[in-house]
Amino acid sequence: MARNASLSGYLEFLPAERLTELHVLDTLRHVFEVHGFSPLETRAVETVDTLLQKGEIDKEIYAISRIHEDERAGKEAKLALRFDNTVPFARYVTENAGHLAFPFRRYQIQKVWRGERPQAGRFREFSQADIDIVGDGALPFRCDVEIAIVMARALEALRIGDFTLRVNNRKLSEGFYRSIGIEDTAAVLRIVDKLEKIGPSRVAQELAETVGASAEQAQKALDLAQIRTVDSSFAAKVRELVGEDFSPLLGEGLTELSEMMSELNARVPGRAVADLSIARGLDYYTGTVIETTLHGHEDLGSICSGGRYESLASKGKRIFPGVGLSIGVTRLLSALLNSGELTASRSVPTVVYVALRSTEDWAAAQDIADQLRDRGISAEVALSAEKFGKQIRYADRRGIPFVWFTDDQGRHEVKDIRSGEQTEAHPSQWAPPAEDLNPHIIRKTEKL
RNA sequence: GUGGGUGUAGCUCAGCUGGUAGAGCAUCGCGUUGUGGUCGCGAGGGUCGCGGGUUCAAGCCCCGUCACUCACCCCA
């Protein structure tokens with residue numbers, strides 16, 4: 001891959017790469033649907049007001065305007081491209097609440113746009129695959145568990161190697177900080193979130209400078225952030241740190257995360273770790289927070305993130321809590337394609353290339369191709385009767401596995417150009433091996 | 001937005017102290033005149049990112065600009 005993009009941050013794939021992407025999207029779609037999530041799309045454009053409701057990332061947002069603005073332009077609502085799938089979904093839920101049955105579960109795989117400086121794994125236009133469950137008034141915690149399980153299964157189904165869902169709970173973190181006497185919990189979360197990047201000593205330093213934490217408080221915050229367990233044993237460590245007297249919020253967090261870990265261990269063993277350093281920058285998460293690391297690609301950052309937001313949307317007195325996770329499809333794909341871990345078996349859908357003996361054979365060759373197509377076998381007819389060597393090479397360049405020949409007696413032969421083997425065949429009966437019917441994904445190393 | 005690096009063939013890159021633009025791979029042709037891949041021989045392909053300046057002379061030096069890229073911020 002890695003062609004210089006004429007516009008940085010707006011990735012464009014070659015055909016073989018797009019085929020790989022489609023395979024990934026098909027896989028995700030299947031896993032989401034088999035778990036009962038409905039497909040949904042929202043429009044690319046939202047009003048700026050809608051987008052700004054959930055936090056202050058306004059500098060990332062692409063506003064849209066017409067080149068020829070008229071006098072009405074100033075009066076119409078300002079429009080912008082969505083920067084994620086969650087905020088538009090929240091808007092959609094409130095607008096269509098009367099037509100939806102709650103709890104409502106949907107998946108949504110769409111492009112989003114962010115006006116940030118592109119870097120490896122970071123784009124200005126990219127696809128996110130979201131699943132969310134949204135309730136009317138209340139939403140059971142087991143939805144958090146289910147969302148995590150579905151995403152773990154989706155990532156497993158992609159067979160892209162080992163990954164770890166790193167799970168934490170905001171109630172636990174915030175409750176803990178309050179219990180040790182720190183009030184500005186949001187600021188602490190933001191600093192602790194950088195632990196992996198800047199290390200414990202600088203986190204302690206920033207905690208002292210920014211939130212005025214005492215040495216003891218900073219140390220406790222650090223101790224908490226360094227807890228990582230594959231099961232529910234983190235709870236005992238937290239209790240040991242905080243002592244007898246702790247806030248009810250922390251208790252809730254401990255209960256929730258414990259339940260999460262035991263369910264994940266039962267249903268998707270080995271895929272999750274309770275990691276109390278996970279905080280997430282966005283401030284609308286209220287409970288479960290999750291980030292996902294792809295082993296061998298830790299530098300990419302998270303490939304699947306999200307969590308619980310107690311008030312995804314509201315409409316008058318009605319409040320719609322939600323929980324969701326989002327896979328960064330473009331980030332994931334770009335990494336796997338760049339490293340050569342994923343490739344498509346060919347750059348075209350074509351299975352059979354029908355060669356021409358003479359220019360006049362074109363119509364007869366199309367008849368042959370149609371017989372194959374009627375049976376679901378993708379076929380392409382040569383455009384001119386070049387030397388057979390050239391026609392074979394045409395197929396070879398594109399990865400087309402079979403070339404079809406017809407002799408002047410009307411007998412047919414099909415050649416597997418990988419083995420060179422050529423056998424008699426009939427257009428109404430011949431079929432390729434199942435694995436050649438569609439382009440398939442080739443993994444450099446076979447992954448579980 | 002702030003700071004560093006890089007722009008030469010389709011791709012990866014070389015090009016010394018300023019002196020007529022190069023290699024490998026890829027492409028095309030021929031050897032092999034209707035069954036590819038190997039091998040051999042040959043060919044095509046460039047506004048050296050763009051604009052200006054210095055100079056007898058600029059890919060190389062200077063100024064500006066654009067793009068790409070890395071880090072920060074933030075995030076998928």
Side-chain angles (χ1 to χ4, degrees), chain A residues 1-11 14 24 28 54-61 82-86 108-131 151 155 163 189-191 193-194 197-198 202 278-283 285 289-294 297 299-307 324-335 353 355-359 361 382 384-408 413-422:
Chain A
M1 205 175 67
R3 289 152 274 91
N4 347 341
S6 54
L7 277 179
S8 174
Y10 303 90
L11 196 56
L14 289 168
V24 165
L28 294 178
K54 292 280 176 187
E56 59 297 351
I57 36 182
D58 52 314
K59 63 174 182 179
E60 295 183 7
I61 294 176
R82 60 162 175 266
F83 59 85
D84 71 6
N85 288 327
T86 306
Q108 187 173 344
I109 306 175
Q110 290 191 264
K111 290 205 166 148
V112 304
W113 295 267
R114 290 183 197 173
E116 287 233 60
R117 273 278 209 283
Q119 282 171 38
R122 309 180 51 177
F123 304 93
R124 289 180 162 176
E125 177 182 73
F126 59 96
S127 294
Q128 288 192 309
D130 283 52
I131 54 172
M151 272 312 196
L155 291 170
F163 59 89
L189 283 171
R190 224 175 302 119
I191 296 166
D193 196 42
K194 295 194 274 188
K197 198 170 243 176
I198 64 177
R202 285 196 49 204
I278 297 300
R280 316 239 349 104
L282 293 171
D283 47 10
Y285 292 110
V289 285
I290 295 177
E291 293 196 354
T292 309
T293 313
L294 183 62
H297 294 277
D299 52 321
L300 266 190
S302 176
I303 55 157
C304 175
S305 307
L325 277 172
S326 174
I327 296 180
V329 176
T330 306
R331 167 174 291 183
L332 195 54
L333 265 171
S334 70
Y353 186 71
L356 289 188
R357 170 172 296 278
S358 73
T359 307
D361 288 342
S384 62
E386 291 184 291
K387 289 193 290 185
F388 284 158
K390 278 198 184 180
Q391 298 193 53
I392 292 169
R393 195 167 63 188
Y394 177 98
D396 192 30
R397 291 277 159 76
R398 290 160 178 76
I400 299 171
F402 295 98
V403 179
W404 194 279
F405 295 102
T406 307
D407 69 13
D408 46 14
E413 291 196 338
V414 66
K415 178 190 185 79
D416 182 331
I417 64 176
R418 295 159 300 189
S419 64
E421 190 184 355
Q422 189 163 329

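No experiment lies behind these values; they were computed from the predicted model shown.
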- Query: Can you name the side chain to side chain donor-acceptor pair (under 3.5 Å) partners of A:D396, sequence neighbours left out?
  - Reply: none
- Message: Which nucleotide wins on minimum distance to the side chain of A:A120, given the candidates B:rC70, B:rC75, B:rU35?
- Response: B:rC70
- Query: NA contact type, A:A395, heavy-atom cut-off 4.0 Å: base, sugar-phosphate, or nothing?
  - Reply: nothing
- Message: Can you say whether a donor on the side chain of A:R331 sits under 3.5 Å from an acceptor on the base of B:rC75, or the other way round?
- Response: yes
- Query: NA contact type, A:G389, heavy-atom cut-off 4.0 Å: base, sugar-phosphate, or nothing?
  - Reply: sugar-phosphate
- Message: What's A:R124 touching, base or sugar-phosphate or nothing? Going by heavy atoms closer than 4.0 Å.
- Response: nothing
- Spell out yes or no: do the side chain of A:R117 and the base of B:rC74 have one donor N/O and one acceptor N/O closer than 3.5 Å? no
- For A:R397, which residues count as a salt bridge (charged side-chain N to carboxylate O under 4.0 Å, His left out) partner, sequence neighbours excluded? none
- Message: Using the C1' atom as the point on both nucleotides, what is the distance between B:rC66 and B:rA23, in whole Å?
- Response: 29 Å
- Message: Rounding to an integer number of Å, can you tell me how far A:M151 CE sits from B:rA76 C1'?
- Response: 11 Å
- Item | Under-4.0 Å side-chain N/O to phosphate OP1/OP2 contact, A:Q119 with B:rA71 | yes
- Within the distance-only criterion (no hydrogens, no angle test), does the side chain of A:S302 pair as donor or acceptor with the backbone N or O of A:E291 below 3.5 angstrom? no
- Euclidean distance for P, B:rC50 against B:rU8 (whole angstrom): 10 Å
- Note on the structure: Contacts of A:E386 meeting salt bridge (charged side-chain N to carboxylate O under 4.0 Å, His left out) (sequence neighbours excluded), chain-then-number -> A:K390
- Task: Would you check if the side chain of A:R357 reaches a backbone N or O of A:T406 as a donor-acceptor pair within less than 3.5 Å?
- Result: yes
- Query: Ring stacking, A:F126 with base of B:rA76, under 5.5 Å and under 30°?
  - Reply: yes
Short N/O separations, protein against nucleotides 24-28 of chain B, under 3.5 angstrom:
residue : atom : partner : partner atom : Å
B:rU27  : OP1  : A:R397  : NE           : 3.1
B:rU27  : OP1  : A:R397  : NH2          : 3.2
B:rC28  : OP2  : A:R397  : NH1          : 3.3

- Item | Listed partners of A:T330 passing side chain to side chain donor-acceptor pair (under 3.5 Å), at least two apart | none
- Base of B:rA76 paired with side chain of A:R114 (donor-acceptor, under 3.5 Å): yes
- Item | Euclidean distance for C1', B:rG49 against B:rG44 (whole angstrom) | 24 Å
- Query: Expressed as a whole number of Å, how far does the P atom of B:rC56 sit from that of B:rC48?
  - Reply: 22 Å
- Task: Give A:Y394 one of three labels, base, sugar-phosphate or nothing, depending on what nucleic acid heavy atoms sit under 4.0 Å from its own.
- Result: nothing
- Rounded to whole Å, the OH-P distance (A:Y10 to B:rA67) equals 12 Å
- Does the A:R114 side chain pair with the main chain of A:F83, one donor and one acceptor, at a distance under 3.5 Å? yes
- Message: Under 4.0 Å, counting only non-hydrogen atoms across every strand here, what does A:I417 touch: a base, just sugar-phosphate, or nothing?
- Response: base
- Sugar-phosphate, base or nothing in reach of A:G420, heavy atoms under 4.0 Å: base
- Note on the structure: Quick note, A:D396 side chain, CB onward, closest among B:rG36, B:rU69, B:rA76 is B:rG36
- Message: Once salt bridge (charged side-chain N to carboxylate O under 4.0 Å, His left out) is applied, do any residues pair with A:K194, and if so which ones, sequence neighbours excluded?
- Response: A:E206
- Pairwise P distance, B:rA21 and B:rA26 [rounded to whole Å]: 27 Å
- Message: Any base atoms under 4.0 Å from A:L294, or only sugar-phosphate, or nothing? Heavy atoms, all strands.
- Response: nothing
